[in-house]
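Computation of the quantities below employed the complete heavy-atom set of this structure, encompassing side-chain atoms and omitting hydrogens, waters and symmetry-equivalent molecules.
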Amino acid sequence: MTNTTVLVVGGGLNGLTAAALLAHNDIPCVLVERHPDTSIQYKFAGISPRSMEIFRSLGLEEEIRANRTGDQQAGAIARARNLTDPEIQWGGPAWPDASALSPTQPATCDQHVLEPILRRYAERNGADIRFSTELVAFEQDENVVRAEIRDIATGAKDAISADYLIVADGANGSMRERLEISRSGAGGLQHWINVVFDTDMPPTIGGKRFTSCFVTDLNGTFTPREGGRWLLALQYFPEKGEKPQDFDEARCRELIIRGAGRSDITTRLVDARSWEVAAMTARQFRRGRAFLVGDAAHLMPPTGAFGGNSGIHDAHNACRPADFESRFVRSRPSSPLRRRRMVSGR
């Protein structure tokens, strides 16, 4: 039996942010994530000034900037038929100067780099992080959340007793439905696939650095990164018989060459993964002692990185120590299992 204050389900960007914030505030937590490790996909990239303020409060700003994967203020956004098109349409930077609004600036740190930073911080400060672990069952009453978890590799099970449950298992997680919380909205809008690949192409068009380039020949976007590991995100159409399995090494190379507008390049497929552009909002963000954050609570198109940043803000709002008692705790005797600082005036 493991006793804790908060059980976090989901070890992606938002779940790890919640664990880092809880650990920073001396609130014991256990995080379970069914995948064996943090994401290898780019996914979220642009940290907004407000999100960076949150990470700055944890003392992580310097580490994040030292590991940045691009510069969305120095590079420009482009649009062209392909990367060799002489008629490039240039836009401005992805993030403008925020000095008039915030003590810090936005940053570019792709999710596959940011998540390990958050995980290390959470573990260093006392969070119990368990990857390759799934939530098997749970129940709650007015006083406690009881859960059973299972180590996927060994099959070993553990019982968890927690005061609260934070649901951060993403758009395709099962926890929202298991809590019997419905959602509404426009639903699925488009089907896309992220192709992560290594290449020797320079991160420039016509000698000018770019943050991303929408290529109309593919109806997709190239995002270059230092070290030659790029992302190609493009739409596919199930109604035309297209499916994620079609995007093997040969198909991806064909698409990359077409989008580059040249064949004298090297490419190596790292990962190809499908995802859905959707707009949905849960009917409620709380059920008893369980709280939804991130994509489990609200889905939105990826433009502007609002989804990831909103999830970071969800976690921050849920885990602020000054609000913890008043936001979550109902009138009841304090449990000896709740070993935490909670609100102690600090």
Side-chain angles (χ1 to χ4, degrees), residues 10-16 33-47 67-70 72 83 108-120 131-134 152-153 168-173 188 190-203 210-215 217-238 242-260 263 265-278 294-295 299 301-303 305 307-308 311:
L13 172 66
N14 304 143
L16 287 169
E33 166 57 53
R34 62 185 179 84
H35 289 103
D37 208 342
T38 51
S39 176
I40 64 171
Q41 277 277 346
Y42 280 20
K43 297 184 179 180
F44 172 78
I47 304 173
N67 290 277
R68 72 180 191 176
T69 53
Q72 290 180 304
L83 297 184
T108 304
C109 189
D110 295 315
Q111 190 164 340
H112 71 288
V113 175
L114 180 58
E115 284 185 358
I117 292 173
L118 295 170
R119 179 181 180 177
R120 288 192 298 270
F131 276 71
S132 293
T133 303
E134 64 179 351
I152 294 173
D169 61 344
N172 299 314
Q190 296 175 338
H191 295 272
W192 284 67
I193 191 151
N194 277 5
V195 177
V196 178
F197 64 100
D198 291 333
T199 183
D200 60 352
M201 288 191 290
F210 71 100
T211 296
S212 64
C213 181
F214 181 79
V215 288
D217 282 353
L218 295 180
N219 191 33
T221 300
F222 279 113
T223 302
R225 286 294 182 256
E226 298 292 344
R229 180 156 291 183
W230 287 36
L231 168 68
L232 170 61
L234 70 159
Q235 191 175 359
Y236 72 98
F237 301 90
E242 296 178 339
K243 54 187 182 298
Q245 295 88 334
D246 296 336
F247 294 87
D248 57 13
E249 180 95 36
R251 174 78 187 282
C252 289
R253 175 171 170 76
E254 174 192 338
L255 290 166
I256 293 165
I257 288 174
R258 183 178 164 198
S263 59
I265 57 172
T266 62
T267 65
R268 184 184 72 85
L269 179 65
V270 176
D271 189 55
R273 194 161 305 187
S274 62
W275 55 283
E276 185 179 36
V277 175
D295 286 350
L299 285 171
T303 306

Taken in chain and number order and not counting sequence neighbours, the residues that satisfy side-chain hydrogen bond (donor to acceptor under 3.5 Å, both in side chains) with E249 are none
In Å and rounded to the nearest 0.5 Å, what is the CG to CZ distance from L234 to F214? 10.0 Å
Taking side-chain contact (heavy atoms from CB on, under 4.5 Å) as the definition, give me every residue that meets it alongside D169, ordered by chain and number, with sequence neighbours left out. V9, V167, M175, A296
In chain order, what residues pass the salt bridge (charged side-chain N to carboxylate O under 4.0 Å, His left out) check against R253, with sequence neighbours excluded? none
Sequence neighbours excluded, the answer for side-chain contact (heavy atoms from CB on, under 4.5 Å) partners of R120 is E63, P116, I117, R124
Restricting to salt bridge (charged side-chain N to carboxylate O under 4.0 Å, His left out), what partner residues turn up for E134, sequence neighbours left out? R150
Applying side-chain contact (heavy atoms from CB on, under 4.5 Å), name anything that partners E254, two or more places apart in sequence or on another chain. R251
Apply salt bridge (charged side-chain N to carboxylate O under 4.0 Å, His left out) to D198 and list each qualifying residue two or more places apart in sequence or on a separate chain. R229, R268
Under the side-chain hydrogen bond (donor to acceptor under 3.5 Å, both in side chains) test, which residues partner N172, sequence neighbours left out? none
So, using side-chain contact (heavy atoms from CB on, under 4.5 Å) as the criterion, who are the partners of E115 when residues are at least two apart? L13, L16, T38, S39, Q111
Tell me every residue that passes side-chain hydrogen bond (donor to acceptor under 3.5 Å, both in side chains) with D246, counting only those two or more places apart in sequence or in another chain. K243
The criterion is side-chain hydrogen bond (donor to acceptor under 3.5 Å, both in side chains); which residues satisfy it with T266, sequence neighbours excluded? D200
